[in-house]
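Worksheet: one structure, shown below.
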Amino acid sequence: MYSPEQETISTTASTKVPVKYGEIIVLGYNGSLPNGDRGRRKSRFALCKRPKANGVKPSTVHVACSPQAAKAISNKDQHSISYTLSRAQTVVVEYTHDSNTDMFQIGRSTESPIDFVVTDTIAGSQSNTDTQSVQSTISRFACRVICQRTAPYTARIYAAGFDSSKNIFLGEKAAKWKTTDGQMDGLTTNGVLVMHPRHGFSQDSKPGVWREISVCGNVFTLRETRSAQQRGKMVETESQELVDGSLIDLCGATLLWRTAEGLARTPTLKHLEALRQEINAARPQCPVGFNTLAFPSMRRKDTPDEKQPWVYLHCGHVHGYHNWGGHLEEREGREGRLRECPMCRAKGPYVPLWLGCEAGFYVDAAPPTHAFNPCGHVCSEKTASFWSQIPLPHGTHTFHAACPFCAQQLSGDFLFMLQYPPVCLRADLTKMFIYDAESTLYQILMSSSGVF
């Protein structure tokens with residue numbers, strides 16, 4: 001359960017810094033929420049060892065009791081999960097305190113049991129009001145993460161979270177069943193999906209397979225649709241244990257789990273800032289206006305700048321913003337219009353380039369040389385390649401690759417971004433930055449999806 005003191009644990013000088021289990025990062029945000037991180041509503045949440053364990057584990061099972069009797073069993077002093085089988089039959093599983101674990105709860109609700117408040121991610125949204133205008137598909141009490149308080153600090157995920165009465169209710173319409181050992185289990189309405197990457201979260205990472213996690217932490221293949229009554233097949237060879245780079249989808253927002261060890265190998269904001277300054281120090285020039293291009297400071301990561309580099313997505317040539325090659329109706333709106341590249345005459349969208357500032361999304365510390373199409377977020381080649389291969393859940397039964405920094409769906413077009421210093425963007429050097437169709441690397445990128 002959330003408490004205000006929890007936020008000050010790691011910042012109070014006189015208090016010993018707690019063990020960090022890991023961090024949860026929301027995909028679709030470039031370092032912070034559009035209107036800034038506030039309290040429990042933020043784009044990045046650290047899970048640290050609590051001063052006192054608050055984990056729970058199943059204990060007594062009450063079978064074949066009426067809903068009225070179930071209410072009497074469920075009380076605010078004890079956690080419980082109620083499985084309503086019919087109007088006349090409810091099974092209640094009581095949970096007791098577990099001194100060996102810490103529990104963290106995630107969901108849409110702002111009630112005190114929720115540690116991390118998550119709202120629906122709208123692709124390319126510029127303010128929190130964008131997410132409030134749509135009907136949310138995220139559960140108020142979506143899931144819970146249980147962490148072992150002793151090394152190796154294993155984190156496990158379970159569907160559904162306990163409400164203010166310390167209860168989880170699975171109604172008649174929720175998928176539920178009795179297991180072979182006589183215990184109860186079930187799924188939430190829209191489900192909690194998890195994907196563990198193969199080869200860890202590194203330069204060699206490959207996408208895994210999406211699975212659904214039950215209320216008791218069992219692993220299943222996906223249902224036909226998110227809210228289907230029929231559960232998938234149980235996958236006994238896999239577990240709900242989170243690994244570095246595990247993705248958690250709540251049907252409206254996708255979360256990335258990074259372990260403390262994984263974060264130690266991840267580039268820091270200071271490193272990304274150094275790379276930005278190195279790029280700008282090379283003083284690349286627009287081949288049309290001959291003005292110097294520069295990425296804005298990371299504090300202005302979403303604010304266009306007059307020195308902002310822009311890219312023609314069809315060919316990959318980078319310029320400063322200009323009106324060359326645009327018709328009258330195309331000049332009315334700056335971003336996303338079809339424009340003719342002055343270097344090669346190719347026509348296509350013309351968008352600003354933005355530096356990816358959420359370090360937790362990077363799989364390596366290499367320079368930002370590649371960009372996502374069509375949003376223009378720039379990161380390292382390995383990072384762009386990894387995310388372009390990840391099929392992220394979208395809606396109730398579709399998947400598509402998306403930019404991790406803004407959640408925009410990736411286009412099927414590919415092009416190779418410029419290699420930064422020591423080369424400057426001059427008219428006689430731009431051919432160095434584009435691979436033609438005969439290039440081996442270009443063909444490899446064509447066989448994946450969404451990265452150029």
Side-chain angles (χ1 to χ4, degrees), residues 30-31 124 126 272-357 366-381 383-384 403 405-406 408 410-411 413-436 451-452:
N30 197 15
Q126 296 299 313
L272 295 181
E273 173 63 16
L275 292 176
R276 183 191 73 86
Q277 293 181 12
E278 185 178 357
I279 292 170
N280 293 346
R283 300 181 64 81
Q285 290 184 330
C286 173
V288 172
F290 294 104
N291 54 304
T292 300
L293 306 179
F295 279 103
S297 69
M298 297 181 74
R299 287 177 305 213
R300 299 178 56 195
K301 58 181 178 292
D302 298 318
T303 306
D305 186 273
E306 61 180 6
K307 293 184 178 181
Q308 188 101 16
W310 285 61
V311 65
Y312 287 90
L313 293 179
H314 187 71
C315 60
H317 288 120
V318 178
H319 299 255
Y321 182 77
H322 56 76
N323 287 319
W324 195 96
H327 299 293
L328 180 62
E329 63 272 16
E330 293 174 338
R331 292 174 183 162
E332 294 176 359
R334 291 167 61 111
E335 187 173 344
R337 297 285 186 177
L338 291 182
R339 296 284 297 273
E340 183 178 313
C341 174
M343 299 303 302
C344 65
R345 302 293 178 140
K347 291 183 179 180
Y350 181 52
V351 300
L353 292 174
W354 303 97
L355 187 64
C357 299
T369 56
H370 286 62
F372 291 105
N373 181 359
C375 60
H377 279 105
V378 182
C379 58
S380 69
E381 178 183 357
T383 299
C403 170
F405 302 104
C406 69
Q408 281 200 49
L410 299 186
S411 167
D413 297 325
F414 309 92
L415 57 107
F416 187 77
M417 271 292 299
L418 70 156
Q419 297 287 354
Y420 284 107
V423 180
C424 292
L425 280 179
R426 295 185 182 275
D428 57 342
L429 295 177
T430 50
K431 289 184 179 179
M432 296 179 63
F433 311 136
I434 308 298
Y435 279 84
D436 58 31
V451 63
F452 53 87

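FYI, side chains are in, hydrogens and waters are out, and symmetry mates aren't considered; it's all heavy atoms of this structure.
Residues His319 and Pro287 meet the side-chain proximity criterion, which asks for heavy atoms closer than 4.5 Å. Contact of the Pro342 side chain with the Tyr312 side chain is registered, since non-hydrogen atoms from C-beta on lie closer than 4.5 Å. No side-chain heavy atom of Lys307 sits under 4.5 Å from any side-chain heavy atom of Asn291. In this structure the side chain of Thr292 reaches within 4.5 angstrom of the side chain of Arg283, judged on heavy atoms. Between Cys406 and His377, the closest side-chain pair of non-hydrogen atoms falls below 4.5 Å. Counting only heavy atoms from C-beta outward, the side chains of Pro374 and Pro349 never approach each other to under 4.5 Å. Counting only heavy atoms from C-beta outward, the side chains of Glu381 and Pro368 never approach each other to under 4.5 Å.
Smallest separation of non-hydrogen atoms from Pro367 and Leu275: CA-CD1, 4.0 Å.
Aromatic pair Trp354/Phe405: centroids not less than 6.0 angstrom apart.
Rounded to the nearest 0.5 Å, atoms OG1 (Thr369) and CD1 (Ile279) are 9.0 Å apart. Of the inter-residue distances, the one linking Glu273 atom CD with Leu355 atom CG reads 8.5 Å to the nearest 0.5 angstrom. In this structure, Cys357 SG and Leu272 CG are separated by 7.0 Å, a value rounded to the nearest 0.5 Å. Atom-to-atom distance recorded for Phe372:CZ and Cys379:SG is 4.0 Å, nearest 0.5 angstrom. Atom OG of Ser380 sits about 9.0 Å away from atom NE2 of His370, to the nearest 0.5 Å. Expressed to the nearest 0.5 Å, how far CG of Leu293 lies from CG of Leu353 amounts to 9.5 Å.
A tilted orientation is assigned to the rings of Tyr321 and Trp310, their planes being inclined by 30° to 60°.
Counting only distance, with no hydrogens or angles, the side chain of Arg339 and the backbone of Lys347 share no donor-acceptor pair below 3.5 Å. Asn280 places no side-chain N or O within donor-acceptor distance of the main-chain N or O of Pro296, the cut-off being under 3.5 Å.
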| Residues Leu410, Asn373; criterion side-chain contact (heavy atoms from CB on, under 4.5 Å); working and verdict | CA-CA 6 Å; Leu410 299 186; Asn373 181 359; 6.0 Å; no
